[in-house]
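One-based numbering, in listed order, for ligands and for the atoms of each. Any value given below was found using the heavy atoms of this structure, including those in side chains, with hydrogens, waters and symmetry copies removed. Keep in mind it's a predicted model, so treat the numbers as computed, not measured.
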Amino acid sequence: MTGIDALMRANPVIPVLVIEDPAHAEPIARSLVAGGLTALEVTLRTPAALEVIRIMSRVEGAVVGAGTVLNARDLDAAIDAGSRFIVSPGLTAPLAEAAIASGVPYLPGVANSADIMRGLDHGLDRFKFFPAEAAGGIKALKALTAVFGKVRFCPTGGITEATAPEWLALPAVLCVGGSWVVKAGTPDPAAIERAARAASALRRAAG
Ligand SMILES: O=C(O)C(=O)C[C@H](O)[C@H](O)COP(=O)(O)O
């Protein structure tokens, strides 16, 4: 757990990246790192994703992980491409077992107490709360954290630059994830660096 805990504490915001064109990978990663965001989640939602992970991994200072990892096959492909952490939208036993066996830091998605209990059964206690806003928002997460005191979260899904501070003010939140830092389409390096700098300056309340 130490690996994923350290990663979550190192960055108040994990940018969620959906990149269609491998040519955008290097400029986006450079701008994010320049703005102070180093943990980059590349979702396996585009055909280019694995190549994007390979390219971004060569950018100094970037710690590149894979998101939207749905099963052990995705996990293997993501690790082969150089992913240094793994994020999944939900939690299944086969993926949890494979991810833990791989030794690569793993952040599974949970949306309710049954998900968290299954994660705890696997020895996991750091989770992505997904989809954060649609699954009940801050009110839902507060209710969950009242029950699961030692668990820490990275809420993701529907979070914006404006709402990120409210989430980070919760004691159980180590970081938040979001796609707002990098807009779809042709990247604007200066705008990405600016958004990254604002995001990396946010402070968490969690200890
Ligand atoms: O692809 C995955 O594995 C996901 O879990 C989904 C992403 O984390 C969210 O799509 C990000 O949410 P937005 O910031 O609202 O865009």
Side-chain atoms of residues 177-187: list all donor-acceptor pairs with protein atoms under 3.5 Å, sequence neighbours left out, distances to 0.1 Å.
{"unit_1": "K183", "atom_1": "NZ", "unit_2": "W180", "atom_2": "O", "d": "2.9"}

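- Put simply, the side chain of R204 never gets that close to the backbone of W167: no donor and acceptor are under 3.5 Å apart.
- When atom types are taken as modelled, the side chain of S83 and the backbone of A78 share a donor-acceptor pair closer than 3.5 angstrom.
- A196 and S31 make their closest contact through CB-O, 4.3 Å (heavy atoms, listed as atom of the first residue, atom of the second, distance).
- In plain terms, the two heavy atoms of A96 and Y106 that are nearest each other are CA-CE2, 3.9 Å.
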Check each N or O atom of ligand 1 against all protein N or O atoms and list the pairs under 3.5 Å, with atom names and distances to 0.1 Å, one per line.
{"unit_1": "ligand 1", "atom_1": "1 (O)", "unit_2": "R45", "atom_2": "NE", "d": "3.0"}
{"unit_1": "ligand 1", "atom_1": "1 (O)", "unit_2": "R45", "atom_2": "NH2", "d": "3.0"}
{"unit_1": "ligand 1", "atom_1": "1 (O)", "unit_2": "T68", "atom_2": "OG1", "d": "2.5"}
{"unit_1": "ligand 1", "atom_1": "3 (O)", "unit_2": "T68", "atom_2": "N", "d": "3.0"}
{"unit_1": "ligand 1", "atom_1": "3 (O)", "unit_2": "T68", "atom_2": "OG1", "d": "3.1"}
{"unit_1": "ligand 1", "atom_1": "5 (O)", "unit_2": "K128", "atom_2": "NZ", "d": "2.6"}
{"unit_1": "ligand 1", "atom_1": "8 (O)", "unit_2": "K128", "atom_2": "NZ", "d": "2.8"}
{"unit_1": "ligand 1", "atom_1": "10 (O)", "unit_2": "R45", "atom_2": "NH2", "d": "3.1"}
{"unit_1": "ligand 1", "atom_1": "14 (O)", "unit_2": "S179", "atom_2": "N", "d": "2.9"}
{"unit_1": "ligand 1", "atom_1": "14 (O)", "unit_2": "S179", "atom_2": "OG", "d": "3.2"}
{"unit_1": "ligand 1", "atom_1": "15 (O)", "unit_2": "G158", "atom_2": "N", "d": "2.7"}
{"unit_1": "ligand 1", "atom_1": "16 (O)", "unit_2": "S179", "atom_2": "OG", "d": "2.6"}

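- Looking at D115 and R118, a side-chain N of the basic residue comes within less than 4.0 Å of a carboxylate O on the acidic one, giving a salt bridge.
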